[in-house]
Q: 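I'd like to ask you about the structure that follows.
The figures here come from the full heavy-atom set of this structure, side chains too, leaving out hydrogens, waters and symmetry mates. Keep in mind the model is a prediction, meaning the values are calculated, not measured.
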Amino acid sequence: ELLAQVVQRQVVESRLSWHDWRPLSGRKGLVVGGFMGEMVLEGQVLDDIYWVLAVASLFGVGKGATYGAGRFALSC
């Protein structure tokens, strides 16, 4: 149900880009990286899914979280 709601949001602005941060030691050719930047979303559906985003931001959910790199912040 949440996934069906998420597709109803509108991306107002997106300034995301991919950044490679560092190579993994002992893993030739593998690099820790992820998206960095800002994204602005809007839509009535955000009222219904905000709690999921808030919990995810508190737990550091995101790519590279196991390496201390996964995080995002919310602002209203």
Side-chain angles (χ1 to χ4, degrees):
E1 185 177 324
L2 285 174
L3 291 176
Q5 290 177 318
V6 169
V7 298
Q8 298 173 21
R9 85 320 180 219
Q10 291 98 29
V11 177
V12 175
E13 187 175 341
S14 178
R15 293 186 306 271
L16 296 177
S17 59
W18 183 268
H19 292 269
D20 289 331
W21 295 311
R22 65 179 172 84
L24 287 175
S25 59
R27 303 247 178 142
K28 189 172 185 169
L30 293 178
V31 178
V32 176
F35 286 103
M36 293 180 68
E38 296 180 12
M39 180 183 281
V40 178
L41 303 173
E42 69 179 25
Q44 184 64 36
V45 70
L46 293 178
D47 292 339
D48 297 330
I49 65 169
Y50 183 83
W51 69 272
V52 175
L53 298 173
V55 169
S57 71
L58 291 173
F59 286 103
V61 173
K63 180 167 175 49
T66 56
Y67 301 101
R71 66 179 175 275
F72 63 92
L74 299 172
S75 62
C76 297

Q: Kindly indicate, with the supporting measurements, whether the criterion side-chain contact (heavy atoms from CB on, under 4.5 Å) is fulfilled by Leu41 and Val11.
A: CA-CA 5 Å; Leu41 303 173; Val11 177; 3.6 Å; yes
Q: If Ile, Leu, Val, Met, Phe, Trp and Tyr residues are connected whenever their side-chain heavy atoms lie under 4.5 Å apart, and connections chain through other members, are Leu46 and Val52 in the same group?
A: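 Looking at the clustering, Val52 is in the same group as Leu46.
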Q: Rounded at 0.5 Å granularity, tell me how far CE in Met36 sits from CD in Glu38.
A: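 It is 11.0 Å, given to the nearest 0.5 Å.
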Q: Grouping I, L, V, M, F, W and Y whenever their side-chain heavy atoms are under 4.5 Å apart, do Val12 and Leu16 come out in a common cluster?
A: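 No, because Val12 and Leu16 fall into different hydrophobic clusters, even though each may have its own neighbours under 4.5 Å.
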